[in-house]
Amino acid sequence: TMSSNKFDTKEENEHLAALEQEKSRLENACAHLERSNLELGQAIDADGDDPEYAEAIRENKKVLSDYQEKIYTLSVEIAGIKGEVDTVTPQQQRPPAEDGQWL
């Protein structure tokens with residue numbers, strides 16, 4: 001059983017801490033990539049089209065997308081451990097059943 005988000009074993013606490021640390025690392029990396037893209041975009045605006053800068057922005061966007069997906073996955077796992085899944089997953093509502101349909 002849990003109390004105050006503390007778990008029964010040292011291993012469970014270490015697992016949660018490792019997940020939170022990885023999520024924080026990825027969030028920090030995203031912030032740096034976003035800043036880099038902003039600076040590259042400003043350089044392109046100032047100096048004209050630069051194919052290398054444009055390619056770097058495209059690559060950064062791909063990495064950002066991958067990292068954001070990993071951050072979401074970690075958020076769901078962390079929330080699941082803490083019993084707070086509804087804080088990271090949208091509430092899904094089913095459409096009302098029509099006559100004769102089973103959902």
Side-chain angles (χ1 to χ4, degrees):
T1 54
M2 295 183 299
S3 62
S4 303
N5 292 334
K6 298 292 179 190
F7 300 95
D8 291 337
T9 67
K10 180 179 173 186
E11 290 79 17
E12 288 171 321
N13 281 319
E14 288 175 356
H15 178 66
L16 178 61
L19 293 173
E20 289 174 332
Q21 183 177 10
E22 178 63 4
K23 180 180 174 236
S24 179
R25 184 190 73 78
L26 290 170
E27 289 170 336
N28 186 49
C30 284
H32 286 285
L33 286 167
E34 288 168 351
R35 187 184 75 236
S36 176
N37 275 0
L38 179 63
E39 292 171 0
L40 288 166
Q42 290 169 344
I44 289 173
D45 289 344
D47 300 335
D49 193 23
D50 184 316
E52 289 182 26
Y53 287 178
E55 179 61 23
I57 289 172
R58 281 190 295 277
E59 289 175 8
N60 285 351
K61 285 182 178 180
K62 168 126 180 48
V63 173
L64 269 166
S65 177
D66 292 345
Y67 283 2
Q68 288 165 342
E69 186 177 327
K70 290 175 185 176
I71 289 167
Y72 179 75
T73 301
L74 287 167
S75 296
V76 171
E77 186 172 356
I78 291 166
I81 291 170
K82 291 181 173 183
E84 302 169 350
V85 174
D86 59 339
T87 64
V88 291
T89 55
Q91 294 291 324
Q92 298 219 349
Q93 296 189 0
R94 292 183 180 165
E98 294 184 24
D99 290 338
Q101 270 190 332
W102 292 89
L103 296 181

Note, Glu34 side chain near Asn60 side chain (heavy atom, < 4.5 Å):
no

Spatial distance of atom CD1 (Ile71) from atom CG (Leu64) [nearest 0.5 Å]:
8.5 Å

To the nearest 0.5 Å, how far apart are CD1 in Ile44 and CG in Asp49?
6.0 Å

Pick out which of Gln21, Arg25, Glu22 makes a side chain to side chain contact (heavy atoms under 4.5 Å, CB included) with Leu74.
Glu22

Glu20: partners by salt bridge (Lys or Arg N to Asp or Glu O under 4.0 Å), with sequence neighbours left out
Lys82

Can we say Lys70 and Asp66 salt-bridge, meaning some charged N sits less than 4.0 Å from an Asp/Glu carboxylate O?
no

Can you tell me how far the CG atom of Leu40 sits from the CG atom of Asp50, to the nearest 0.5 Å?
9.0 Å

List the atom of Ala56, the atom of Asn37, and the distance in Å for their closest heavy-atom pair.
O-OD1, 4.2 Å

So how far is it from Ile57 CD1 to Leu33 CG, rounded to the nearest 0.5 Å?
12.0 Å

Audit row: Glu27, Gln68, side-chain contact (heavy atoms from CB on, under 4.5 Å) steps and yes/no
CA-CA 8 Å; Glu27 289 170 336; Gln68 288 165 342; over 6 Å; no

Return the set of residues passing side-chain contact (heavy atoms from CB on, under 4.5 Å) with Ser24 (not counting sequence neighbours), or none when no residue passes.
none

Backbone N/O of Lys61 and side chain of Ser65: donor-acceptor pair under 3.5 Å:
no

Does atom CD of Glu69 have more than 12 heavy-atom neighbours, drawn from other residues, nucleotides or ligands, at distances under 6.0 Å?
no

Between Glu59 and Lys62 (salt bridge meaning N to carboxylate O under 4.0 Å), is one present in this structure?
no

Closer than 3.5 angstrom, by distance alone: can the side chain of Ser36 be matched with the main-chain N or O of His32 as a donor-acceptor pair?
no

Report the distance from atom CD of Glu77 to atom OG1 of Thr73, rounding to the nearest 0.5 Å.
8.5 Å

